[in-house]
Amino acid sequence: MKKYDFQKIDKKWQKEWGEKKLYKAEDFSTKKKWYSLVEFPYPSGQGLHVGHVRSYTALDVLSRKRRMEGYNVLYPIGWDAFGLPTENYAVKTGIHPVKVTKDNTDTFRRQLKAMGFSFDWEREINTTDPEYYKWTQWIFLQFFKHNLAYKTITKINWCPSCKIGLANEEVVSGSCERCGSGVEEKEKEQWMLKITAYADKLLEGLESIDYLPEIKRQQENWIGRSEGAEIDFRVSGTDSILKVFTTRPDTLYGATYMVVSPEHKIISELKNRISNIEEIESYILKAKKKTEEERIENKEKTGVEIKGIKAINPVNDTEIQIFVADYVLSGYGTGAIMAVPAHDERDFEFAKKFSLPVIVVISDGKIREQLTGAYIGTGTLINSGPCDGMDIEKAKEEIIKRVHGVKKVQYHLRDWVFSRQRYWGEPIPVVKCERCGYVAVPEKDLPIELPNIKDFKPRDDGESPLASVESWVHTTCPACGGAARRETDVMPNWAGSSWYFLRYIDPKNKDIFADPKKLQYWMQVDWYNGGMEHVTLHLLYSRFWNQFLFDIGVVPTLEPYTKRTAHGMVLGEGGVKMSKSRGNVINPDDVIKAYGADTLRLYEMFMGPFNQSISWDSKSIEGTWRFLNRVWSIAHEKKFGSECDKKVEQIIEKTVKKVGEDIEKMAFNTAISTMMICANECYSAEAISRTAWEKYLKVLAPFAPHITEELWSELGNEKSLHISSWPEYDQKKIIDDTFTLVIQVNGKTRATIETNTGISEKDAKELALKQENVSRIIEGQEIKKVIFVSNRLINFVI
RNA sequence: GCCCAGGUGGCGGAACGGUAUACGCGCAACACUUAAAAUGUUGUGACCUAACGGUCUUGUGGGUUCGAAUCCCGCCCUGGGCACCA
């Protein structure tokens, strides 16, 4: 059999589609709109990854189906091109990042085009294009004007190897996400974005959108909202107050000591009353030296009692001890806690180690002789004076009232460190004037372009290389006209990707980031697919930016994405990550060369469930290759007239139904197996009608656009298959005349017979009992019960 | 430790509570060929049986049900996320 000539066919149709602008999205149309979005790639030097191909094929399949269903489809692509790898490459080679980016995007563009994705290439964007980052800077200025961008001295995660401050999100178990070196703490003045102001909004927004449940959970956990109260403890014999945050004010009678974090100000405040100050100070020093990693590895509780001062439990005026311990964090709540060892596991552990009193104040009715751990469940109060007998919810209210506590909500979410002391990012459009402080650059002066420099290395003092470009740094203050210095920090690589879905809508607009009418037409994104690894960072950030832009009235919807799904990773053979060092990276170019784009597309959709990780298997791809060749053979060996085998007609109808449904569920693997079964049937058919065969080509088209387009045109069709209509199926034709009746005895299958659909229970019973294998078993036994499931089975219970 | 997802042939994986192992890979035999490749046809969970047929089998132990891979409870393992957040 002749192998189909994919090389010729792929090229021919890619050229044709490009010339005809087949996948161009129309701004405004009488058709219903559909906006499909995939995470735009970082154009690395390694070229396109087969993981990109998996995600992009999935939404390409969906977008193509929508187009055939009559939608005006926007499926855009671009480049998320700012970031460290390119800059590090520039530092090493001296080649300018602009050049590196151009070379890499050229490669990516060629590779994506070779896959036959139905992107609207006229809307291609690049975050490093000044015409793009002009608007990233513009959005920053809006944050600045609304006091949601501010500069402050904070402790930052400092990577001594990359010489860069990292966001919390970029620190993975105490190490730099990129280079793996241990992260140090360093104080630095940094730009921050006040994402915490949107914590509740980001949580509430989740209720109205269709994200995979695990994605919602991860965002919820990341925001980490908890409700509780702040309660003041006086320090005995002083005017000092120790404020704590607790989610369990109901356990206040069980608070037997307090703990402050090593950074807590009470220690310096009451320094001269503390009798063991030297011991305390040496503990603090030791705690600070511990790296993040050590703290994670060794969770053994440590701490020192602060002698000379005591706190007073406000609910019963009891004096209790105060400790300093590093299990209390300075960055959360008030940096001090009331310890209730009976009902908090960490406090219990600490109390056990230091032999501190434990008072049980919540009971679930059981009496425990010996406490082996904290009881964190619900129950009724005991040992709590006037509150005895209350349930914990009521007690929370009552005790907060009694001690004049204040209800408070705390979040794990921190403000977003938005500064990077690097070169390859968007300059932050602010100047520092000695008289006026930080002043926004006027919008008309945007973009603030990156100056062209030769040395991209961050300075040893931690400042951006931009700080060395004197001619660029010196400027005048837009407010007073006096001398001023430009901000030399640049934005993190998350900036450009936080709003790119908006720019696709109007990518060439010079006056505004996107025309409001166009935004009104296209937003929200109907379906967004990307990796799980971006769920807490990119996805949350971009929701934050969109919500903010909505609040200031420049975008039409509060939430950017209606629906979000995630694909599983594509791993190398044997289930390990693909990496250059392992030498197991699959280059899509090689696969396309050997099998063509359609085989690769089909294989990546077929190899496993879309949301699960899968390992590449160079043998298995043969299966999809053979399948396409079989389709090719059918097309060239059969005649497509008006006659059609009943069986074939029915199976094609069923295939149309199943494939349509499976695409919506992202069950691409079962859609393809259905089409394989159908092809096998067609292959052995006597006669296939042209109508039926065209339906088949149509459902295969989104998966394998090139071969189907070729076969479609061979049939004499002049207009492209991909703008033809999605086929309907006939419900009546799907119903089988006969079915396999399963005959069970006590739930065990003993026989199966082919019989007419709709057979009555009486007839089925009669038929079943005639079966030798059934009658033999039943003989001489009493039939206690007969279970009959229409068109499926009959079960005799004996 | 907590939160998610998952555990099915030699392998990737299918299965509205109703014939477990679809589809694909691999393997075997046969056809075509001088031969190989390609392609086609057939077979392919394990065990017992000459055969008809039977027994067992979806990580593991229980339970619900006429009937459980599927629902419920306990346990074990793998992958991902968070991690002393009061």
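Chain A is the first sequence line, chain B the second, and so forth, proteins listed ahead of strands; every chain is numbered from 1. Computed from heavy atoms alone, side chains included, the values below leave out hydrogens, waters and symmetry copies.
In this structure, B:rA5 and B:rU78 make a Watson-Crick or G-U wobble pair, each of the two defining distances being under 3.5 angstrom. Within the shown strands, nothing qualifies as a pairing partner of B:rA69 under the Watson-Crick or G-U definition with both distances less than 3.5 Å. Across all strands shown, B:rG17 forms no Watson-Crick or G-U wobble pair with both key distances under 3.5 Å. Base pairing of B:rG12: its partner is B:rC23, meeting the Watson-Crick or G-U wobble criterion (both donor-acceptor distances under 3.5 Å). B:rU33 is unpaired under the criterion used here, namely a Watson-Crick or G-U wobble arrangement in which both key atom distances are under 3.5 Å. A 3.5 Å limit on both hydrogen-bonding distances identifies no Watson-Crick or G-U partner for B:rC52.
B:rG54 and B:rU60 have their P atoms separated by 25 Å, given to the nearest Å. Look at the P atom in both B:rG59 and B:rU70: the space between them is 8 Å, to the nearest Å. Separating the P atom of B:rG7 from that of B:rG12 is a span of 12 Å, rounded to the nearest Å. Separating the C1' atom of B:rU21 from that of B:rU33 is a span of 36 Å, rounded to the nearest Å. Remark: the separation of the C1' atoms in B:rA38 and B:rC23 is 22 Å, to the nearest Å. Rounded to whole Å, the C1' atom of B:rC16 lies 15 Å from the corresponding atom of B:rG67. Rounded to whole Å, the separation between the P atoms of B:rC4 and B:rG74 comes to 13 Å. Annotation: B:rA36 and B:rA28 have their P atoms spaced 14 Å apart (nearest Å).
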*With salt bridge (Lys or Arg N to Asp or Glu O under 4.0 Å) as the test, would you mind laying out the steps for A:Glu393 and A:Lys396 before giving the verdict?*
CA-CA 5 Å; A:Glu393 289 312 318; A:Lys396 277 180 185 167; 3.6 Å; yes
*Dump the intermediate steps for salt bridge (Lys or Arg N to Asp or Glu O under 4.0 Å) on A:Lys194 and A:Asp415, then the final yes or no.*
CA-CA 5 Å; A:Lys194 212 172 188 167; A:Asp415 277 342; 6.0 Å; no
*Start with the C-alpha distance between A:Trp416 and A:Tyr198, add both sets of side-chain angles, then the distance that settles ring-ring contact (aromatic ring centres under 6.0 Å, His included), and finish with yes or no.*
CA-CA 12 Å; A:Trp416 175 5; A:Tyr198 275 73; over 10 Å; no
*Could you walk me through whether A:Thr334 and A:Glu230 pass side chain to side chain donor-acceptor pair (under 3.5 Å), step by step?*
CA-CA 8 Å; A:Thr334 62; A:Glu230 282 187 349; over 6 Å; no
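The separation between A:Met569 atom CE and B:rU78 atom C1' is 14 Å, rounded to whole Å. A:Leu329 places its CG atom 14 Å from the C1' atom of B:rC82, with the value rounded to the nearest Å. A:Glu230 has its CD atom 12 Å from the C1' atom of B:rA86, to the nearest Å. Between the CD1 atom of A:Ile621 and the P atom of B:rG26 there is a distance of 12 Å, rounded to whole Å. When rounded to the nearest whole Å, the span between CD of A:Glu604 and P of B:rC25 equals 18 Å. Counting to the nearest Å, the P atom of B:rC66 and the NZ atom of A:Lys765 are 18 Å from each other. Nucleotide B:rU39 holds its C1' atom 13 Å from the CH2 atom of A:Trp625, rounded to whole Å. Distance, A:Ile798 CD1 to B:rG67 C1': 14 Å, rounded to whole Å.
Side-chain N/O atoms of A:Asn611 include none lying less than 4.0 angstrom from OP1 or OP2 on B:rG80. Residue A:Tyr332 places at least one side-chain N or O closer than 4.0 Å to OP1 or OP2 of B:rA86. Dashed line: the shortest gap from a side-chain N or O of A:Arg217 to OP1 or OP2 of B:rG81 is not under 4.0 Å. Here A:Arg630 reaches the OP1 or OP2 of B:rG40: one of its side-chain N or O atoms lies under 4.0 Å away.
Side-chain atoms of A:Thr752 stay outside donor-acceptor range of the base of B:rU19, with no qualifying N/O pair under 3.5 Å. In the interface, the side chain of A:Lys301 is paired with the base of B:rC84 through a donor and an acceptor atom under 3.5 Å apart.
Aromatic ring pairs are classed by plane angle as parallel below 30°, tilted from 30° to 60° and perpendicular above 60°; the pair A:His636 and A:Trp632 is tilted. Taking the six-membered ring where the residue is Trp, A:Tyr257 and A:Phe350 present parallel rings, their angle staying beneath 30° rather than reaching 60°.
If you check B:rG40, B:rA86, B:rU19 against the side chain of A:Ile337, the one that comes closest is B:rA86. Among the nucleotides B:rC3, B:rU19, B:rC23, the one closest to the side chain of A:Asn221 is B:rC3. Considering only the side chain of A:Lys785, B:rC66 comes nearest among B:rC3, B:rC66, B:rC23. Checking B:rG24, B:rC25, B:rC4 against the side-chain heavy atoms of A:Met676 singles out B:rG24 as nearest. Closest to the A:Ile677 side chain, of the nucleotides B:rC66, B:rC25, B:rC23, is B:rC23.
By the 4.0 Å N-to-carboxylate-O rule, A:Arg564 lies close enough to A:Glu39 to be salt-bridged with it. Electrostatic pairing of A:Asp617 and A:Lys619 does not count as a salt bridge here, judged by no charged N lying under 4.0 Å from a carboxylate O. Between A:Asp736 and A:Lys654 there is a salt bridge, since a side-chain N of the basic residue sits under 4.0 Å from a carboxylate O of the acidic one. A salt bridge is absent between A:Glu604 and A:Arg54; no separation between the charged side-chain nitrogens and carboxylate oxygens falls under 4.0 Å.
Each of A:Glu345 and A:Thr624 has a nearest nucleotide on RNA chain B; the 5'-most of these lies closest to A:Glu345. Toward the 5′ end of RNA chain B lies the nearest nucleotide of A:Phe796, the other residue of the pair A:Asp344 and A:Phe796 mapping further downstream.
You'll find the ring centres of A:Tyr411 and A:Trp222 outside the 6.0 Å limit.
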*Classify every nucleotide of nucleotides 7-18 of chain B by which part a protein heavy atom approaches to under 4.0 Å, writing B for the base, S for the sugar-phosphate alone and - for neither, in 5'-to-3' order.*
-----BSSSB-B
_Sequence-aligned protein contact record of nucleotides 50-56 of chain B, with B where the base is within under 4.0 Å of a protein heavy atom and S where only the sugar-phosphate is_ = ---SSSS
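Applying the 90° criterion around 0 to the glycosidic angle, B:rG7 comes out anti.
The backbone N or O of A:Tyr683 lies less than 3.5 Å from a partner atom in the side chain of A:Lys638, making a donor-acceptor pair.
Listed by first then second residue, pairs satisfying salt bridge (Lys or Arg N to Asp or Glu O under 4.0 Å) with a partner in residues 217-229 of chain A read A:Asp200-A:Arg225, A:Arg217-A:Glu220, A:Arg225-A:Glu227, not counting sequence neighbours.
Residue contacts shown for A:Thr246 are limited to sugar-phosphate atoms, with no base heavy atom under 4.0 Å away. Among the protein residues, A:Met532 comes within range of no part of the nucleic acid, since none of its heavy atoms lies under 4.0 Å from any strand.
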